[in-house]
Amino acid sequence: MQHRTDDMNAALQVLQERGFIQQCTDLDGLSRAMDQGPVTLYVGCDPTGSSLHIGHMVPFFALRHLHEAGHVVIALIGAGTARIGDPSGKTEARKMLSYEQIDRNGLSIASQLDRFIGFDGRTAFTANNKDWLASLNYIDFLRDIGIHFSVNRMLSFEAYKKRLETGLTFIEFNYQLLQSYDFLELYRRYGCRMQIGGDDQWGNIVAGMELIRRVEGVEVFGLTFPLVTMADGSKMGKTEKGALFLDPEMVSPYEFFQYWRNIPDQDLTRFLLMFTFLPVDQCRRLGEGKEGGINAGKERLAHEVTRLIHGLEEADKARAAARAVFGGEGMDRTAVPSRGIPAVDLTKGIPAVELFAMTDLCSSKGEARRLIGQGGAMVNDRRIDDLETLVDASWLREGELLLKAGKKRFFRVLPE
RNA sequence: GGGGAGAUUCCCGAGUGGUCAAAGGGGGCAGACUGUAAAUCUGUUGGCACAGCCUUCGUAGGUUCAAAUCCUACUCUCCCCA
């Protein structure tokens, strides 16, 4: 999307420059509205899991930029809509979650967002659509809201294309009405005039915008962000274990750091712009390797994002551990994932296969055997090339065993 | 409600009585090359007490010396008609 930026609202310009803007319902109109004063806007997020992952965060990075520019931001926890499940762009229906599970997820997600955005209750706060959706009366809802939706039109939305091939149930088909109603409700309660979200939300956002125009006769705005993919075409945020979750119990700060440290070169500038708050020109210099090389840029990206999500202390520890393990001596490597083993086992000696199998590096002995057979297993820089190798206390260095699988997966084993 | 097709290992997808832990592709992992990048080439990819055994081909039973493959019932999915 190319637009003149000279006369555009400053906050929007920031988003534009940083690559956030994918589609806008009326960019000029929005720019004028934002010039006139604070605009109240929202992002919705359904608590279908206990933790957000990085893919959820793009709209929240944008939200934070807009908040810092003086606008009023609402994070909508979709405990109500999570009971239905958004079919947009999905191949299959989501499995139904219990209400209790959804509410628990909602709480933990809200606290993750609080840490990132910093809700003050006035210029930044959360809302929960359960508060108005859960008690809706079906007949009234159909008469007041349903009347404004054309099935013909809904079926033409891109978001439903896949599902029309594989199957779409009525409950999911209603999702768009509920999300539209959320927008209307937020407009009525808080004067919310703008909804932002991932580009897969475009259809739902436009529908909400049209509902408000019909019911309230007011123009509101919608803005979407690109779905971030990696240079190699894969969806970003995927790790061996699944998505790149923010919960440190699910993805340790070290693993989180390593994820960013290992992105493809071509993605660096783009990710610096979207996932950090460093000045634009610095992002570009780092991304082009003009500040100590491309790898220094990746390390900076990793440190910045880890700091934003896990805090400075964890980011420092993760960086120190990464440096220690990839060559540097004498650095703190406590952030590398670890586990203890009874000291007696080590005195007796433990087969290398078993040692690897009990770490996160290998999920079974078979896998450990394969790893060793292929020459990918190291203990304190000694390559294990014999399946029968016994590792005992004499292998210890600095009181621990540093296991390495392949070139970049590390794990510490500590006698206790 | 009637008719038809289907459910296979992480995913897609072959397989229609033994030679099937199950082709091929994708993804993952490892090796080489590098920069903790990409691309490329090679190998590998259910578990274990590992020349053997166990678990896996929607679920539950059955036929058979032998079943992912045959039979029965059930569950779910898709398509066509109403």
Side-chain angles (χ1 to χ4, degrees), chain A residues 87 90-96 160-172 229-244 252-272 286-303 305-306 318-328 331 333 335-337 350-354 356-379 381 383-388 402-411:
Chain A
K90 303 242 168 29
T91 341
E92 282 171 21
R94 223 184 254 289
K95 61 175 183 292
M96 289 284 174
Y160 293 126
K161 283 258 172 67
K162 269 185 198 144
R163 295 307 296 278
L164 285 176
E165 287 164 19
T166 61
L168 178 67
T169 60
F170 191 64
I171 182 174
E172 293 178 286
T229 51
M230 308 275 277
D232 60 17
S234 63
K235 212 167 151 188
M236 84 156 297
K238 265 183 67 191
T239 70
E240 317 87 276
K241 290 179 192 159
L244 194 67
S252 72
Y254 171 80
E255 291 168 291
F256 188 86
F257 179 95
Q258 280 300 304
Y259 176 84
W260 299 97
R261 181 58 250 266
N262 282 307
I263 57 158
D265 290 2
Q266 295 128 287
D267 291 327
L268 182 55
T269 306
R270 201 158 48 102
F271 288 2
L272 280 162
L286 282 165
E288 287 159 18
K290 288 178 182 159
E291 286 192 18
I294 193 95
N295 280 318
K298 287 188 195 177
E299 192 186 62
R300 187 64 193 274
L301 169 71
H303 187 262
V305 189
T306 309
R319 185 174 59 190
R323 284 179 180 171
V325 112
F326 284 96
M331 308 266 317
R333 55 175 115 103
V336 176
I350 177 166
V353 170
E354 274 178 42
F356 275 86
M358 61 197 254
T359 68
D360 295 346
L361 264 23
C362 299
S363 56
S364 69
K365 288 190 188 174
E367 200 177 313
R369 213 170 281 121
R370 226 172 284 136
L371 180 71
I372 293 171
Q374 295 181 136
M378 311 250 275
V379 175
D381 292 331
R383 169 154 277 134
I384 309 292
D385 37 26
D386 183 356
L387 287 174
E388 308 299 318
L402 183 63
L403 274 55
K404 183 180 180 189
K407 282 174 292 192
K408 54 194 178 198
R409 292 156 57 223
F410 291 89
F411 197 91

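In what follows, every chain begins at residue 1, and chains take the letters A, B, ... in the order their sequences are listed. From a predicted model like this one, the values you see are computed outputs, not experimental measurements.
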Whole angstrom value for the distance that separates [atom2] of [N] from [atom1] of [X]:
| X | N | atom1 | atom2 | answer |
| --- | --- | --- | --- | --- |
| A:L371 | B:G43 | CG | C1' | 13 Å |
| A:E367 | B:A30 | CD | P | 9 Å |
| A:K408 | B:A30 | NZ | C1' | 12 Å |
| A:I384 | B:G31 | CD1 | P | 14 Å |
| A:N295 | B:A38 | CG | C1' | 12 Å |
| A:M358 | B:G47 | CE | C1' | 19 Å |
| A:R261 | B:A38 | CZ | C1' | 14 Å |
| A:R409 | B:G28 | CZ | P | 12 Å |

Which nucleotide, if any, forms a Watson-Crick or G-U wobble pair with [N], using both distances under 3.5 Å?
| N | value |
| --- | --- |
| B:C70 | B:G62 |
| B:A49 | none |
| B:A23 | none |
| B:C33 | none |
| B:A39 | none |
| B:A5 | B:U77 |
| B:U44 | B:G28 |

Quiz item: Ignoring hydrogens and angles, does a donor from either the side chain of A:Q374 or the base of B:G31 sit under 3.5 Å from an acceptor on the other?
Solution: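 Under the 3.5 Å cut-off, the side chain and the base do not form any donor-acceptor pair.
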
Rounding to the closest angstrom, what is the interatomic distance between [N] and [M] at atom [atom1]?
| N | M | atom1 | result |
| --- | --- | --- | --- |
| B:G62 | B:G15 | C1' | 23 Å |
| B:A32 | B:C76 | C1' | 47 Å |
| B:C71 | B:G18 | P | 15 Å |
| B:U64 | B:U75 | P | 28 Å |
| B:U77 | B:C70 | C1' | 24 Å |
| B:C12 | B:A7 | C1' | 14 Å |
| B:A67 | B:C78 | C1' | 27 Å |
| B:A68 | B:U8 | C1' | 7 Å |

Quiz item: When you check the gap from the basic side-chain N to the acidic O, do A:D360 and A:R409 get nearer than 4.0 Å?
Solution: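 No, this pair does not count.
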
Quiz item: Under 4.0 Å between a Lys/Arg side-chain N and an Asp/Glu carboxylate O for A:R323 and A:E299?
Solution: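 Judged by the 4.0 Å cut-off on N to carboxylate O distance, A:R323 and A:E299 do form a salt bridge.
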
Exercise. Could you pick out which residue, A:I263 or A:G375, lies toward the 5' side of RNA chain B when each is mapped onto its nearest nucleotide?
Key: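 Here A:G375 is the residue nearer the 5' end.
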
Self-check item: Upstream residue (5' side of RNA chain B) when A:E354 and A:G376 are each assigned their closest nucleotide
Solution: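 Result of the comparison: A:G376.
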
Quiz item: Which atom pair, heavy atoms only, marks the closest approach of A:L387 to A:G373?
Solution: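 Heavy-atom minimum between the residues: CD2-N, 4.4 Å.
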
Quiz item: Looking only at heavy atoms, which two atoms of A:C362 and A:A368 are closest? And how far apart?
Solution: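 Answer, listing the atom of A:C362 first, then A:A368: SG-CA, 3.6 Å.
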
Quiz item: Looking at B:C48, B:A38, B:G31, which one has an atom nearest to any side-chain atom of A:S364?
Solution: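 Nucleotide nearest to A:S364's side chain: B:C48.
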
Less than 4.0 angstrom between a side-chain N/O of [X] and OP1 or OP2 of [N], yes or no?
| X | N | value |
| --- | --- | --- |
| A:K365 | B:A49 | yes |
| A:R370 | B:G47 | yes |
| A:K298 | B:G35 | no |

Could you check whether [X] gets within reach of a base, just the sugar-phosphate, or nothing at all, counting any heavy atom under 4.0 Å?
| X | answer |
| --- | --- |
| A:A322 | base |
| A:Q258 | base |
| A:I294 | base |

Quiz item: Are A:Y254 and A:F410 close enough that their ring centres sit under 6.0 Å apart?
Solution: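 No, the ring of A:Y254 stays outside the 6.0 Å limit from the ring of A:F410, centre to centre.
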
Quiz prompt | Side-chain donor-acceptor contact under 3.5 Å, A:E367 with A:S364 | solution =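 The criterion, which ignores hydrogens and geometry beyond distance, is not satisfied for A:S364 and A:E367.
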
Practice problem: Could you go through the salt bridge (Lys or Arg N to Asp or Glu O under 4.0 Å) check for A:K404 and A:D381 one step at a time? | Solution: CA-CA 8 Å; A:K404 183 180 180 189; A:D381 292 331; 5.7 Å; no

